[in-house]
Amino acid sequence: MTTTTEDTRVLLQRYRDGELNEQQRRYIEGLLTWNKELAAELAQLDAMGEALRHDTQEQMDAQDFDTLGKNLMERLQADGLVRPPRRAFDWLSGFAWRPWLVPVALAVLVAAGLTFWPRAVPEPQDNGAVLRARLGLNDCVIEYVEAVNSAALVFEAKPASEEDDTMTVIWLFEGGEKRDPS
Amino acid sequence: MAAISDSEWLLLERCRRGERKAFEELVSLYQRRVFGVAYGIVRNPNDALDLCQETFLRAFRSIGRFKGDSRLYTWLYRIAVNVSLDFVGRRKRDSTVVFDETRQVEPELSDEWPSSAGGLGPVEELDRKELMQVMSGALEKLSPKHRAVLVLREVEELSYEEIAETLDINVGTVMSRLFNARRNMQKLLQAYMKGESSR
């Protein structure tokens with residue numbers, strides 16, 4: 001025998017959908033404790049909802065959305081709604097076929113190498129221990145180092161002893177020749 | 001009515017500027033859900049995928065007119081529902097299937113509520129795989145508008161207010177449409193069970 005009214009069924013669905021106020025919710029929960037027909041109907045609704053979600057989920061998982069996105073972007077681009085993708089070296093593509101490109105690129109590389117290759121003369125950073133070892137100034141402290149040009153290096157050598165406050169300025173020319181300007 | 005969130009607004013602004021990455025983000029965010037809505041209505045995955053693409057195309061073409069007075073997903077769902085209902089309407093014109101939206105139950109079914117007294121109803125007696133097949137068959141017999149309201153509630157889990165906004169109907173209509181859709185589903189399932197048991 002059917003005891004559940006149409007109004008109660010409406011409330012049951014709204015209860016399941018979380019659309020009842022507190023008082024209505026308590027009323028339906030009270031009914032569900034003893035009305036087996038209503039409880040069974042709720043279980044049916046749950047099973048239907050679950051089946052529908054599961055079916056849709058399965059279909060979603062089976063789709064190739066990457067292709068969808070790609071096709072969509074192509075159509076949007078054709079419509080002028082999106083800008084075409086920019087690649088980092090797109091500007092080079094116009095030159096790629098030109099026969100003079102390779103020799104010119106090589107010449108540029110060689111010129112850059114000649115300009116920026118490190119010189120034979122030690123740089124200012126090449127101080128202290130290296131200079132002392134090279135010049136045999138074992139008892140000195142190197143105070144100041146400066147590369148004057150590509151051919152010479154000037155530095156001050158101060159004796160290690162504190163009593164001796166004399167300072168020697170030494171020019172070092174390419175090839176290792178030492179010269180004291182004083 | 002819930003308005004668009006700040007992050008959604010920023011994304012839309014980037015789309016309006018024609019930023020490809022923003023379009024890709026938007027599609028990636030909502031493609032599955034839009035597909036789900038379309039599939040729920042047309043019940044064919046290939047058609048649903050085409051309609052999903054059509055939904056985004058229409059959305060992007062009219063993005064400048066979107067004022068942001070609803071959430072982005074309800075706007076997209078609205079387009080998806082309209083595109084899908086149009087599709088079903090065109091298909092209906094080309095076939096002999098007749099959906100009678102004004103009638104609450106399918107013509108061949110009784111007006112009595114399916115009884116579930118004395119234990120669980122027919123739905124619970126089926127195993128999952130069988131249930132899917134039965135459900136699928138029953139859903140195809142529902143009207144497209146009933147399918148739309150069911151999928152928005154059961155799959156997308158929208159509130160009545162959000163469904164009303166998406167379908168551009170009032171909340172009362174959502175409730176009655178949902179109620180009748182579920183009732184028809186139960187009756188169709190019961191009819192199926194009776195047919196199975198009489199074999």
Side-chain angles (χ1 to χ4, degrees), chain A residues 1-14 16-19 35-86, chain B residues 15 17-24 27-28 31-33 35-37 39-40 45 48-49 52-53 56-57 60-61 63 112-124 126 128 131-132 134-136 138-139 150-151 153-155 157 159-161 171 175-176 178-179 182-183 185-186 189:
Chain A
M1 192 179 79
T2 304
T3 54
T4 308
T5 66
E6 202 85 336
D7 287 345
T8 309
R9 289 197 170 93
V10 171
L11 284 179
L12 180 72
Q13 289 203 9
R14 287 172 57 194
R16 186 176 170 274
D17 296 334
E19 298 274 353
N35 188 332
K36 285 185 178 163
E37 187 184 341
L38 200 65
E41 204 167 308
L42 182 62
Q44 278 188 347
L45 292 171
D46 284 344
M48 284 197 310
E50 172 61 22
L52 198 57
R53 272 191 299 280
H54 189 270
D55 177 45
T56 310
Q57 197 66 45
E58 264 191 352
Q59 293 297 338
M60 280 179 186
D61 293 343
Q63 300 313 309
D64 179 6
F65 287 108
D66 288 343
T67 304
L68 170 94
K70 202 176 152 212
N71 292 343
L72 192 57
M73 284 307 139
E74 279 171 8
R75 286 190 62 181
L76 289 171
Q77 209 173 298
D79 285 1
L81 285 168
V82 293
R83 292 191 291 263
R86 283 192 309 189
Chain B
C15 287
R17 288 198 298 265
E19 210 179 295
R20 188 186 173 94
K21 196 92 181 151
F23 280 98
E24 286 170 348
V27 172
S28 168
Q31 60 190 7
R32 286 175 66 89
R33 294 165 78 178
F35 168 84
V37 171
Y39 172 72
L49 205 59
C52 182
Q53 182 170 312
F56 282 112
L57 277 174
F60 292 145
R61 282 172 186 153
I63 210 160
E112 267 182 38
W113 190 268
S115 172
S116 50
L120 295 180
V123 173
E124 291 75 24
L126 301 168
R128 192 182 193 105
L131 178 60
M132 294 301 168
V134 176
M135 281 281 299
S136 204
L139 275 167
L150 262 184
V151 75
R153 174 60 224 152
E154 297 291 353
V155 180
E157 298 181 333
S159 68
Y160 290 175
E161 198 182 330
V171 172
M175 283 195 275
S176 68
L178 196 53
F179 181 79
R182 282 166 169 162
R183 185 167 67 171
M185 275 297 287
Q186 282 175 303
L189 289 171

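A, B, ... follow the sequence lines: proteins, then strands. Residue 1 opens every chain.
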Whatever's closer than 4.5 Å to a heavy atom in chain B on A/D79 counts as side chain

dist B/E24:CD -> A/M73:CE (nearest 0.5 Å) comes out at 5.0 Å

Honestly, the part of A/Q63 sitting under 4.5 Å from a heavy atom of chain B is side chain

May I ask you to test the A/L68-B/Q31 pair for a side-chain heavy-atom distance under 4.5 Å?
yes

Rounding to 0.5 Å, atoms CE (B/M185) and CG (A/L52) come to a distance of 7.0 Å

In this structure, CG of A/L72 is separated from CZ of B/F23 (nearest 0.5 Å) by 9.0 Å

CZ (A/R14) and CG (B/L178) are apart, to the nearest 0.5 Å, by 11.5 Å

*asked:* So does B/Y160 get a backbone contact from the side chain of A/E19, meaning a donor-acceptor N/O pair under 3.5 Å?
replied: yes

Note: vs chain A, highest number of non-hydrogen pairs under 4.5 angstrom among B/V27, B/L139, B/L57 is B/L57

Taken to the nearest 0.5 Å, the spacing of B/Q53 CD from A/K70 NZ works out to 12.5 Å

Value for CE (A/M48) from CZ (B/R182), rounded to nearest 0.5 Å, stands at 7.0 Å

Q. Between B/R183 and A/E6, is a salt bridge (charged side-chain N to carboxylate O under 4.0 Å, His left out) present by the stated rule, with each step listed?
A. CA-CA 11 Å; B/R183 185 167 67 171; A/E6 202 85 336; 2.7 Å; yes

